[in-house]
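Everything on this sheet refers to the single structure shown next.
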Amino acid sequence: MSHHHVAIYIAGDIIVSDNPGEAIKKWRLIFGLTQTAIATRLNTSPSVISDYESGRRKFPGSRFVKKFVQALIETDLERGGMVINLLERQLLKEKFWIAVLDMREFSEPVPASAFLQAIGAEVVVRPPPGLDIHGYTVVDSVKLVLEVPAAEYVRLYGSTTQRAAIFTKVSTGRSPMIAIKSMSSVLSVKPSLVVLHGLKPDAIDQLAVEIAKRSHIPLATTTMSIEKLIENLRQFK
């Protein structure tokens with residue numbers, strides 16, 4: 001597991017928190033840094049950090065979170081990487097895997113058109129020409145929403161970002177698309193393709209379609225049985 005996963009996990013935790021300032025403080029303390037130490041790293045003053053943490057200043061947004069997380073990780077690595085190692089071990093036990101039905105990387109990229117054809121998909125938001133898919137994750141949406149902390153959603157991407165996320169047990173597609181939108185706006189990672197399983201195109205929530213269009217995420221649906229779908233995808237090496 002790379003430090004990248006840890007960075008994504010921490011950033012995700014801050015972004016989806018009801019109180020981002022408190023989350024920033026929590027992670028600063030986990031990494032054993034003073035407000036002054038983190039401020040120095042970020043070329044700002046300790047009072048700015050203090051204002052973010054107490055909520056006196058509005059939530060700083062994704063660029064600050066990226067820099068903040070980078071500063072935590074760099075400092076820890078300079079000290080021998082103890083906190084990162086602990087976090088990496090913790091992440092291996094995470095609940096994300098409860099929701100995963102199948103997850104693979106392809107050894108050769110698969111054209112999106114061939115991928116969609118293999119799973120009998122109907123396209124709602126068209127993929128760009130020449131899009132290749134490097135892997136896929138099939139996820140149980142209900143378990144994802146009920147049991148997996150939102151900060152772990154990013155694990156849908158596996159070790160490659162150019163992958164398809166296939167969501168099963170979807171009622172309208174609204175929840176998965178909102179989750180993807182919140183993560184992609186902050187972490188600049190998103191699936192190359194989203195497939196909503198078990199519904200027809202006209203059953204998709206309009207907001208889900210709108211998010212896909214605005215985020216430039218190709219969107220498709222399929223009603224093929226999960227067993228058949230996984231079997232068909234396994235033909236790609």
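In this text, all values refer to a predicted model and were calculated from it rather than measured experimentally. Along the sequence shown, residues carry numbers from 1.
The hydrophobic clustering, which links ILVMFWY residues whose side-chain heavy atoms are closer than 4.5 Å, places I30 and I73 together.
At least one donor-acceptor pair closer than 3.5 Å links the side chain of T40 to the backbone N or O of T36. In this structure, the side chain of K190 engages the main chain of S215 through a donor-acceptor pair within 3.5 Å. Under the 3.5 Å distance criterion, the side-chain polar atoms of D102 are left unmatched by any main-chain donor or acceptor of I230. In terms of modelled atom types and a separation under 3.5 Å, the side chain of R28 and the main chain of A23 share no donor-acceptor contact.
Remark: K25 NZ is loosely packed, at most 12 non-hydrogen atoms of other residues, nucleotides or ligands lying under 6.0 Å away. With a 6.0 Å radius and a threshold of 12 heavy atoms from other residues, nucleotides or ligands, E108 has its CD atom at or below the threshold. Heavy-atom contacts from other residues, nucleotides or ligands closer than 6.0 Å to CD of E22 number 12 or fewer. In R56, the CZ atom is crowded: over 12 heavy atoms of neighbouring residues, nucleotides or ligands sit closer than 6.0 Å. Counting non-hydrogen atoms of neighbouring residues, nucleotides and ligands closer than 6.0 angstrom, the CD atom of E74 exceeds 12 such neighbours.
In summary, the side chains of S192 and R163 do not present any donor paired with an acceptor at a separation below 3.5 Å, with no hydrogens or angles considered.
Checked against the 6.0 Å centroid threshold, F68 and Y52 do not count as a close aromatic pair.
Using cut-offs of 30° and 60° for the angle between ring planes, the F106 and Y136 rings count as tilted.
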